[in-house]
Every structure is written in structure tokens, then in C-alpha cells.
Amino acid sequence: MKRLKPVYALSSLIYLLFSGAALAKQPIECLLKVKVVASQKYTSPQAEYTRIKNDGYPMLLIGIQVMGAQTMPSSQKIKAHHLYCKTLIGQKRDAYLSGAYDSNKITIKIGDQLSLRNIHSSGQEYPFWPDFYYIEP
């Protein structure tokens, strides 16, 4: 009976290491096909300073409507990540595009179609922001 306890403890540890709970801290990465729409704050894309980063450059706030979504390679092996990416399809949301955007040189317009990489995390750890969006080529 005493030999069962170490085996049970070892199997429990293996289960925790490979379960979704242990992988929950890994950010979810989705490739999104989006249409640019008005954001909740503005009728057209606007450069805005945010608390996301403090490098002295504004980010670009756009509204997006998600037309399609798929998991990026780093998230493909995790079923919960697939489900999260699929739930984004059809949603409208505001997105701050990562990078520096000069308010005099905004080339993105309402109706444009973009490919965005979305990195989603809990927002409970640094950098304390749950969603990052990057334009994909």
C-alpha cells in the first residue's frame, strides 16, 4: 500500500504538468482576418497614447470585425487555444495596434482588410494588458 502513494503522487504531477491548467499561463496566439470598422471611441482610426507602453509614441486605435481566425503555430497543440480563436469570429472589438503610429501618417482606413496576430493573455502578469495586435504581412 505504501508503494501506491509515490506512484499516485508521480501520476498526479505528470497530469498537472500536461493538463490545460499548467498551460494556462501560455499566451494564446491567433491569426485574425479582420475588417477595419469604427472603434467605440472614434469613427476612424486614431493615434492615441496608452498605458500599454511608455516609449513616447502613440499606438493606433482601430475597431475590428473578426472575419476569420486560426491558431498560430505556438498555440496549435492546445485545444483551449483553438476554441478561443474560433470564438473571436464575428466579434467587433477595439484593437490597439502595437508599434509607433504618427497621427499625420495613418494609412489604415475604415473598410480595409488586415491580417492581425493577436496575442491574448490573462493580463494578470507583466505587461498587464490582455490583448496585443500586430499587423502581419
Side-chain angles (χ1 to χ4, degrees):
M1 191 79 159
K2 287 186 178 187
R3 291 179 72 59
L4 291 177
K5 287 184 182 181
V7 171
Y8 177 76
L10 181 61
S11 63
S12 296
L13 177 62
I14 291 171
Y15 174 77
L16 286 174
L17 287 174
F18 293 103
S19 71
L23 298 172
K25 289 189 178 197
Q26 180 181 346
I28 300 171
E29 293 192 44
C30 306
L31 179 62
L32 307 178
K33 301 293 182 189
V34 303
K35 181 179 177 181
V36 178
V37 297
S39 69
Q40 293 179 23
K41 293 171 80 174
Y42 305 109
T43 57
S44 63
Q46 296 290 319
E48 192 173 89
Y49 291 94
T50 67
R51 62 183 177 90
I52 300 172
K53 62 185 188 102
N54 59 359
D55 63 2
Y57 296 100
M59 297 179 77
L60 186 64
L61 173 61
I62 63 173
I64 59 172
Q65 180 171 359
V66 181
M67 310 302 281
Q70 63 186 45
T71 52
M72 296 290 282
S74 62
S75 287
Q76 287 180 344
K77 294 181 181 178
I78 305 169
K79 186 176 181 179
H81 290 201
H82 280 288
L83 295 173
Y84 174 80
C85 292
K86 294 298 177 196
T87 62
L88 296 176
I89 297 173
Q91 288 188 19
K92 285 185 181 179
R93 50 177 46 201
D94 286 354
Y96 284 98
L97 298 182
S98 294
Y101 291 91
D102 183 344
S103 54
N104 297 322
K105 298 178 183 175
I106 297 173
T107 58
I108 297 173
K109 296 174 183 53
I110 300 292
D112 285 354
Q113 299 211 5
L114 304 173
S115 290
L116 299 179
R117 180 167 41 119
N118 169 231
I119 301 175
H120 176 77
S121 65
S122 68
Q124 300 299 312
E125 297 175 5
Y126 182 81
F128 306 109
W129 198 264
D131 285 293
F132 288 89
Y133 297 92
Y134 301 88
I135 294 179
E136 288 287 305

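Remember, predicted model here, so these are calculated numbers, not experimental data.
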Kindly indicate whether the side chain of [X], heavy atoms from C-beta on, has any atom under 4.5 Å from the side chain of [Y].
X: K41; Y: Q46; value: no
X: K109; Y: S44; value: no
X: I62; Y: D112; value: no
X: C30; Y: Q70; value: no
X: I119; Y: M72; value: no
X: I108; Y: L97; value: yes
X: R93; Y: D131; value: yes
X: Y133; Y: L32; value: yes

Heavy-atom donor-acceptor pair, [X] side chain to [Y] backbone, under 3.5 Å:
X: H81; Y: Q76; answer: no
X: E48; Y: Y96; answer: no
X: D94; Y: Q40; answer: yes
X: S75; Y: E29; answer: yes

Checklist entry - Using a side-chain heavy atom cutoff under 4.5 Å and only I, L, V, M, F, W and Y, what cluster partners does V37 have? => result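 Via sub-4.5 Å side-chain contacts, V37 links to none.
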Checklist entry - Hey, quick one: are Y49 and F132 part of the same hydrophobic cluster, counting side-chain heavy atoms closer than 4.5 Å, chains of contacts allowed? => result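 No, because Y49 and F132 fall into different hydrophobic clusters, even though each may have its own neighbours under 4.5 Å.
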Checklist entry - Hey, any chance I106 and I110 share a hydrophobic cluster, counting ILVMFWY side chains that come within less than 4.5 Å of each other, even indirectly? => result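 As far as the 4.5 Å side-chain criterion goes, I110 and I106 are connected within one cluster.
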Next on the checklist: Given Y84, which partner from the list I78, N118, T71 fulfils the side-chain contact (heavy atoms from CB on, under 4.5 Å) test?
Outcome noted: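 Of the listed residues I78, N118, T71, the side-chain contact (heavy atoms from CB on, under 4.5 Å) partner of Y84 is N118.
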